[in-house]
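Worksheet: one structure, shown below.
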Amino acid sequence: MSGHGDAQPMTARKSAPLKGVAQVPGDKSISHRALILGAMAVGETRITGLLEGQDVLDTAKAMRAFGAEVTQHAPGEWSVHGVGVGGFREPDNVIDCGNSGTGVRLIMGCMATTAMTATFTGDASLRKRPMGRVTDPLSLFGARAYGRAGGRLPMTIVGAADPVPVRYVVPVPSAQVKSAVLLAGLNAPGQTVVIEREATRDHSERMLAGFGATLSVERTSEGNVITLTGQPELRPQAVAVPRDPSSAAFPVCAALIVEGSDILVPGVSQNPTRNGLFTTLVEMGADIVFENPREEGGEPVADLRVRFSGSLKGIEVPPERAPSMIDEYPILSVVAANATGTTVMRGVKELRVKESDRIDAMARGLEACGVRIEEDEDTLIVHGMGAGGVPGGATAATHLDHRIAMSFLICGMAAKAPVSVDDASPIVTSFPIFEGLMTRLGATLEHG
Ligand code: S3P
């Protein structure tokens, strides 16, 4: 099954020690936001280090369809000539966001308070994902949504001609929902207030402030109360996109489980709303040294020196940590399979509505590799087999999900027998250089 042309099966074999420097690409969340806020500013925003993954390229195309001029000057170097808050023009065709939940949900937000109509679609994975979590709050601004049953794409949004500001308590921990409401609030008069009970990634808040919006974040017993003043003139910025910690997770975890490895992963975000995986790995006994802490592109970063860790221990991951590592549970479950003892991941039901049902995809694939798994709606439990103890010798179904594909390929680098994935093509959505980067470190990856 592939939404990106033909399925591309790939196989990983037991790897030689991984050595060298892993320069992972730019952050996906920040890349989407840089293009979108650039399009809503007046004048030219320059972006360096933009992730050129398919998800972000689809957002660039969408911003052009709404009237912004988006240009690539060199690899990673882009400019956006924005049209200002409220300045979008109505797109004359359907907006196809491909595989990207972040893309479609943020773009729905930023057009929902302008008097225009736009129709959105995506690939087979995105067309299964719930949009009601975004269209519910957008309807409070006065927008209307017409989609398929269950709030699925394709979906038409009729933007509010006279939007009103909104006070909204986000019912699920979701930075996409929070961000969609804040982006909609930009073109509503008065103050839009978003309350999140559990802190999720805060790139929208940081970047909105950087572009000159008036925004405050108050930490209260209710949670984070974010207040945005509508109808600002956003000022174009120079945005330096830091490297993606969710992509860094793959070489980091590979080095931890492939015997003899010793790698450096420079410039990895240590933003507390994103670094839950690294905290968890250290608790499991991972040998990770956080070198040279500094600030880059408005984000705290460090260089990660990672060495093979042969005596990792299973742990119970605190459920309240889930929002800061939500995309990292698939690769954590591969590390857990290479630890001794049991790793318990509770409070993770959001994984069921990602690019695939990630609890099910990891459970079925790891079981096929010989690992004992327990699961319920909100929980994934992995019974570890110790360093290098995973039998492997199976093919995992990736269900159009880049992180499932990369997780099982890393699994195969440490397993006794090779691990294949039925389709590695979705990896281009977030980590287009994955194969070359892992191969240069010493991994054995084969097509087929
Ligand atoms: C993202 C938020 C998260 C995450 C996704 C990127 C973002 O989704 O899983 O990969 O950039 O806002 P949710 O907001 O649905 O948790």
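Both ligands and their constituent atoms are indexed starting at 1 by order of listing. Reckoned from all heavy atoms, side chains included, excluding hydrogens, waters and symmetry mates.
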- Message: Less than 3.5 Å apart, any donor N or O on the side chain of Arg321 or Thr279 sitting next to an acceptor on the other?
- Response: no
- Message: Please tell me whether Ser174 and Glu350 have a donor and an acceptor in their side chains that are separated by less than 3.5 angstrom.
- Response: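 Not at all, the side chains of Ser174 and Glu350 share no donor-acceptor pair under 3.5 Å.
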Which atoms of ligand 1 are found less than 4.0 Å from any heavy atom of [X]?
{"X": "Thr102", "value": "1 (C), 5 (C), 6 (C), 7 (C), 11 (O)"}
{"X": "Asp327", "value": "4 (C), 5 (C), 9 (O), 10 (O)"}
{"X": "Ala175", "value": "12 (O), 14 (O)"}
{"X": "Ile326", "value": "9 (O)"}

- Please list, chain by chain and in numerical order, all residues satisfying side chain to side chain contact (heavy atoms under 4.5 Å, CB included) with Ser125, sequence neighbours excluded. Asn99, Asp123, Arg129, Glu355, Leu400
So is there a nitrogen or oxygen of [X] less than 3.5 Å from a nitrogen or oxygen in ligand 1?
{"X": "Ser29", "answer": "yes"}
{"X": "Arg403", "answer": "no"}
{"X": "Ser179", "answer": "no"}

Under 3.5 Å, which donor-acceptor pairs link side chains of residues 36-47 to any protein atom two or more places apart or in another chain?
residue : atom : partner : partner atom : Å
Thr45   : OG1  : Gln237  : N            : 3.2

- Query: Does any N or O in the side chain of Thr379 come within less than 3.5 Å of the main-chain N or O of Glu375, such that one atom is a donor and the other an acceptor?
  - Reply: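 Here the side-chain-to-backbone pair does not exist.
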- Residue of the set Asp244, Asp327, Asp55 for which salt bridge (Lys or Arg N to Asp or Glu O under 4.0 Å) holds with Lys28: Asp55
- Any idea which of His203, His32, Arg33 brings a heavy atom closest to atom 7 (C) of ligand 1? Arg33
- Note on the structure: The option among Lys354, Arg201, Lys28, Arg358 carrying the non-hydrogen atom nearest to atom 2 (C) of ligand 1 is Arg201
- Distance from Ser269 atom OG to Phe278 atom CZ, nearest 0.5 Å?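 Between Ser269 OG and Phe278 CZ, I get 8.5 Å after rounding to 0.5 Å.
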